[in-house]
Amino acid sequence: MGLFSFKKKDKSEKNIENLEENTKISNQTEKEQQKPHIPQLGVCIVTKSILNGTSKLKWIFRENNGIGTGWVAFGDTDTQEYINKAENLMVVDFTILIEIEPCVKNIFYMPVGADVEFCCDESGKYFVDTRTGEEIRQAVKHPAQIAFEKNLKFLNKENYDFRFFQNLFVETEKLKLVTIGQADFPTGRVVIADPLAYLGNSKYQTVLEKCIPEGSYDVELSIINSDLVGIKVAASRLKISNERSVRYELAMPKGFTLADVNKPGVFSVFGVDTGLACFADESLAEKYTEFLNIWHKENLNKNIYNDYFSQLFKENTKNYPHIQTEYGNFLIWNLPKDNKRIAMFSSGMGDGIYSAYWGFDKNGKIKELIVPFMNLEYF
């Protein structure tokens with residue numbers, strides 16, 4: 001930590017218990033009681049000297065101490081003797097520390113083990129990592145945001161290692177596979193799109209160049225339960241056959257081949273703007289548009305998701321409560337008139353652009369269509 005010989009692991013369990021007893025965590029300082037409502041970030045340990053203004057923030061570190069965020073802050077006049085006394089330490093929400101020194105919001109998302117010194121000079125306010133000497137002058141991103149940005153850069157490549165696709169559909173402790181039902185393809189012409197924003201819109205939905213045999217096929221989802229981001233759909237798969245694929249190829253839109261990948265105006269991706277994607281037959285996409293037009297005429301000023309689909313997604317959680325969020329992650333939806341089915345599902349981390357990939361057997365026959373939403377290694 002730098003200034004004191006105070007050791008994080010030397011603090012006895014009894015001292016922690018005394019600290020919690022003294023503060024009761026719910027106790028508030030007069031300043032906290034008077035402040036306007038600010039969303040809480042979780043509690044941290046702060047010396048009374050910082051809270052009452054007799055010292056200024058100097059040292060702050062994060063540990064697995066069992067108290068809230070794990071952040072512990074000491075002042076510039078705090079001595080070893082002072083911080084050894086539990087009555088000189090308080091448990092308050094991290095927002096209180098931000099009110100005292102707004103700069104601390106820059107380090108909030110640093111991981112456990114972080115140990116920094118607060119500095120203020122003619123160049124401004126910043127932190128120095130006591131382990132590396134690195135200066136921290138910008139906000140440290142949330143680990144989920146870092147993973148999200150890495151994921152964006154990873155997706156939509158023309159080629160991936162064969163094992164990437166295979167590992168998306170191998171169950172592990174945190175990865176579960178579920179067949180959510182079947183989707184119907186009366187023409188075999190596959191459409192991938194955001195069902196609430198673009199399905200049925202000939203300009204923005206993506207109709208794939210290659211066709212599959214007419215029929216009904218299982219839709220399988222790979223669902224990750226990550227400590228970092230929670231329950232997410234990592235990938236979706238339209239299973240044309242149960243046989244394993246031996247190679248994968250980027251699924252190009254109608255009218256184009258792989259030779260057109262880098263040509264101007266050729267987009268081998270589909271957009272998601274409502275956090276949902278789908279597998280649908282082109283003919284059913286047209287009928288879906290008809291359904292939407294009728295629904296909107298009969299439900300003026302209503303929202304198709306809030307006032308229709310949301311309840312269907314939530315109802316579906318009863319069948320799979322352990323692999324869905326409370327709002328629902330997937331749905332096999334039946335067209336009202338002819339009962340044909342469209343598969344809808346959450347798109348990984350949400351809005352963005354995604355690509356689909358055909359899986360082929362050794363004879364070049366299509367066996368599956370996969371849409372990866374997440375690189376499992378990042379989450």
Side-chain angles (χ1 to χ4, degrees), residues 178-221 223 233 235-241 251 253-254 270-320 323-325 327-347 351 354 356 366 368-371 373:
V178 58
T179 299
I180 64 173
Q182 290 192 324
D184 298 309
F185 292 86
T187 70
R189 180 69 73 179
V190 180
V191 174
I192 47 177
D194 181 323
L196 300 186
Y198 304 124
L199 182 61
N201 186 318
S202 59
K203 183 177 180 180
Y204 294 109
Q205 70 179 7
T206 298
V207 182
L208 299 182
E209 169 64 13
K210 295 184 183 298
C211 294
I212 60 177
E214 298 175 11
S216 301
Y217 301 101
D218 286 343
V219 176
E220 185 177 40
L221 301 181
I223 298 180
V233 176
S236 60
R237 172 161 66 175
L238 185 63
K239 297 182 69 175
I240 315 305
S241 167
K254 188 176 181 180
F270 68 98
V272 170
D273 281 331
T274 69
L276 291 173
C278 75
F279 289 136
D281 187 87
E282 185 177 20
S283 67
L284 301 187
E286 294 174 0
K287 293 182 179 181
Y288 175 76
T289 299
E290 296 174 4
F291 160 79
L292 290 181
N293 291 335
I294 294 172
W295 189 90
H296 283 299
K297 288 180 180 179
E298 296 177 349
N299 298 272
L300 296 176
N301 301 318
K302 289 190 176 182
N303 179 281
I304 189 64
Y305 177 77
N306 294 336
D307 300 304
Y308 180 77
F309 278 115
S310 65
Q311 295 305 313
L312 298 178
F313 274 92
K314 288 180 181 179
E315 184 69 21
N316 190 47
T317 63
K318 296 178 181 178
N319 299 322
Y320 306 92
I323 54 174
Q324 297 196 74
T325 66
Y327 302 106
N329 290 81
F330 50 83
L331 175 68
I332 297 294
W333 182 73
N334 293 62
L335 280 161
K337 289 186 177 180
D338 56 11
N339 215 33
K340 295 296 184 180
R341 296 163 295 184
I342 294 174
M344 304 180 182
F345 36 85
S346 298
S347 54
D351 297 350
Y354 301 96
I366 295 174
E368 59 190 346
L369 179 68
I370 293 178
V371 179
F373 297 118

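The main-chain N or O of Arg341 is found under 3.5 Å from a side-chain atom of Asp184 such that the two form a donor-acceptor pair. For the pair Asn316 (side chain) and Leu312 (backbone), a donor-acceptor distance under 3.5 Å is absent. Between the side chain of Glu220 and the main chain of Arg237, no donor-acceptor pair closer than 3.5 Å is present. Ser347 contributes a side-chain N or O that, together with a main-chain N or O of Gly275, makes up a donor-acceptor pair within less than 3.5 Å.
A 4.5 Å side-chain heavy-atom check between Met344 and Cys278 finds at least one atom pair inside the cut-off. The side-chain heavy atoms of Tyr305 and Thr274, taken from C-beta on, include no pair separated by under 4.5 Å.
Note that the CG atom of Asp351 and the CG atom of Asp273 stand 5.5 Å from one another [nearest 0.5 Å]. For the atom pair CZ of Phe345 and CG of Leu276, the computed distance is 9.0 Å after rounding to the nearest 0.5 Å. To the nearest 0.5 Å, atom NZ of residue Lys340 and atom CG of residue Leu335 are 10.0 Å apart. Distance check, rounded to the nearest 0.5 Å: NZ of Lys287 to CG of Leu292 gives 14.5 Å. Residue Leu208 holds its CG atom at 9.0 Å from CD1 of Ile366, rounded to the nearest 0.5 Å. Distance CZ/Phe373 to CG/Leu221: 8.0 Å, rounded to 0.5 Å.
The shortest heavy-atom contact between Ser236 and Phe279 is OG-CZ, 3.5 Å. What you find for Ser283 and Pro186 is that their closest heavy atoms are OG-CG, 3.4 Å. Counting all heavy atoms, side chain and backbone alike, Asp307 lies closest to Lys302 at OD2-CB, 3.3 Å. Taking every heavy atom of both residues into account, Val371 and Ala356 meet most closely at CG2-CB, 3.8 Å. Ser310 approaches Asn306 most closely through the heavy-atom pair OG-O, 3.0 Å. Minimum interatomic distance between Gln205 and Gly200 (heavy atoms only, all atoms of both residues): OE1-N, 2.7 Å.
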| said: Checking Val191 against Phe270 for the side-chain contact (heavy atoms from CB on, under 4.5 Å) test, could you report, in this order, the C-alpha distance in whole Å, the side-chain angles of both residues, the deciding distance, and whether it holds? | reply: CA-CA 10 Å; Val191 174; Phe270 68 98; over 6 Å; no

| said: Could you go through Phe185 and Ile212, starting from their C-alpha distance and side-chain angles, then the distance that decides it, and tell me whether this counts as side-chain contact (heavy atoms from CB on, under 4.5 Å)? | reply: CA-CA 8 Å; Phe185 292 86; Ile212 60 177; 3.9 Å; yes

| task | Please lay out, stage by stage, how Asn329 and Ile323 fare under the test side-chain contact (heavy atoms from CB on, under 4.5 Å). | result | CA-CA 8 Å; Asn329 290 81; Ile323 54 174; over 6 Å; no

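The aromatic rings of Phe330 and Tyr320 sit perpendicular to each other, their planes meeting at more than 60°, with 30° as the lower class boundary. Under the 30°/60° scheme for interplanar angles, the aromatic rings of Tyr308 and Trp333 are found to stand perpendicular.
Residue pairs meeting the ring pair (Phe, Tyr, Trp, His ring centres under 6.0 Å) criterion with at least one member in residues 192-214, sequence neighbours excluded, are Tyr198-Tyr204.
The neighbour count for Lys239 NZ, taken as heavy atoms of other residues, nucleotides or ligands under 6.0 Å away, is above 12. The environment of OH in Tyr327 is sparse: at most 12 heavy-atom neighbours from other residues, nucleotides or ligands sit within 6.0 Å.
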May I have the list of side-chain donor-acceptor pairs in residues 293-301 shorter than 3.5 Å, sequence neighbours left out?
unit_1: Asn293; atom_1: ND2; unit_2: Thr289; atom_2: O; d: 3.3
unit_1: Asn299; atom_1: ND2; unit_2: Trp295; atom_2: O; d: 2.8

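With sequence neighbours excluded, the residues that form a side-chain contact (heavy atoms from CB on, under 4.5 Å) with Glu209 are Lys254.
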